[in-house]
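To keep things clear, I will list the structure first and then write my remarks on it.
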Amino acid sequence: MRGRDEDVISGRIVEVEAYRGLEDGASHARFGRTQRNAVMFGPPGIAYVYLVYGMHHCLNVVTEVEGHPAALLVRAIEPIAGAEWMRAARIAWLASHAGNRSAVAIARGRDRLIAAPVTQLASGPGLICAAFGIDARDNGTDLCDPNSMLRLEPAPSEEPPPEIACGPRVSIGYAAEPWLSMPWRCWMKGSPALSRPGPKAAGTGGTDSARIEGTEPQ
DNA sequence: AGTTGGATGGTCT
DNA sequence: GACCATCCAACTG
């Protein structure tokens, strides 16, 4: 959720990935504390925002007590309020990162975005930050402070608990086992806003993904 | 439907 | 200097 009152834009987090501890070979914290990952070592509830591939930002929520580096990467959000603001922000992002692309390609991308369903406006870690206007300035923000311009709020209590499925994390090929296969990507089953479709041909199965039972105690 | 390559700059072993 | 917690366009079938 970002902004104030009638200007607020918000959405439901439908997909996350966990990065936990110094031992996690996929985590930014695997080489210890650095300038970039410093907030991961701080108190929980804080935003960890970084730049990847020179153009996309990613939003994480620090999750463990001070001294224990851990965070959840927010991978997909289903818009609730301000979807058209998000669409405009996505289009603006596209324009400002046009690079060498031809005018035709840019126009095509813009048209595609104008026609895109609301559920695809923030359906990826980079897309979330483009849609919500999140960048490095948000690094260190207290997401649990109701006064923050970027913040988390609990789901409405009347909402039934969602069905959660879990599987391996994405794009961490550099990591060794067991970290490569840890089922630490979790998503709301059946959400139309996931960063990629659910487990292949989910058709009949039900046992297509593992559930997180208990991870190592700290 | 699935694969491939380009964009782009901060970070680190 | 190599790598990257990504996305998109353009290409194959």
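Residue numbers start from 1 in every chain, and the chains themselves are labelled A, B, ... in the order their sequence lines are given, proteins ahead of strands. Heavy-atom basis, side chains included; hydrogens, waters and symmetry copies ignored.
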For B/dT8, which nucleotide in any strand shown is its Watson-Crick or wobble partner with both distances under 3.5 Å? none
How do A/Y174 and A/R112 order along DNA chain C: which one's closest nucleotide is nearer the 5' end? A/Y174
To the nearest angstrom, how far is A/I128 atom CD1 from C/dT6 atom C1'? 12 Å
How would you label the contact of A/G54 with the nucleic acid (heavy atoms, under 4.0 Å): base, sugar-phosphate, or nothing? base
Are A/R101 and C/dA10 close enough that a side-chain N or O sits under 4.0 Å from OP1 or OP2? no
Distance, rounded to the nearest Å, where A/L51 contributes CG and B/dA7 contributes P: 17 Å
Taking B/dA7, C/dA9, C/dA5 as options, the one with an atom nearest any side-chain atom of A/A105 is C/dA9
Watson-Crick or G-U wobble partner of C/dA5, both distances under 3.5 Å: none
Just compare C/dC7, C/dA5, B/dA7 and give me whichever is closest to any side-chain atom of A/L73. C/dA5
More than 12 heavy atoms from other groups under 6.0 Å of CZ on A/R110: no
Which whole-number value in Å describes the distance from A/H56 NE2 to B/dG9 C1'? 12 Å
A/L94 CG to C/dC8 C1', in whole Å, measures 9 Å
Check whether the side chains of A/E78 and A/T119 place a donor and an acceptor atom closer than 3.5 Å, and report yes or no. no
Ring center gap for A/W93 and A/H56 short of 6.0 angstrom: yes
Looking at C/dA5, does its base get a donor-acceptor pair with the side chain of A/Y50 below 3.5 Å? yes
Any salt bridge between A/D24 and A/R169, counting N to O under 4.0 Å? yes
N or O in side chain of A/R30 less than 4.0 angstrom from B/dT11 OP1/OP2: no
Tell me if the centroids of the rings in A/Y50 and A/H28 come within less than 6.0 Å of each other. yes
Please determine whether a side-chain nitrogen or oxygen atom of A/R108 lies at a distance below 4.0 Å from atom OP1 or OP2 of C/dC8. no
Could you tell me how far apart A/I106 (CD1) and C/dA10 (C1') are, to the nearest whole angstrom? 16 Å
What's the CG-P distance between A/L121 and C/dC7, to the nearest Å? 13 Å
Whole-Å gap separating P (B/dT13) and CG (A/L22): 12 Å
How long is the line joining NE2 of A/H28 and P of C/dC3, in whole Å? 16 Å
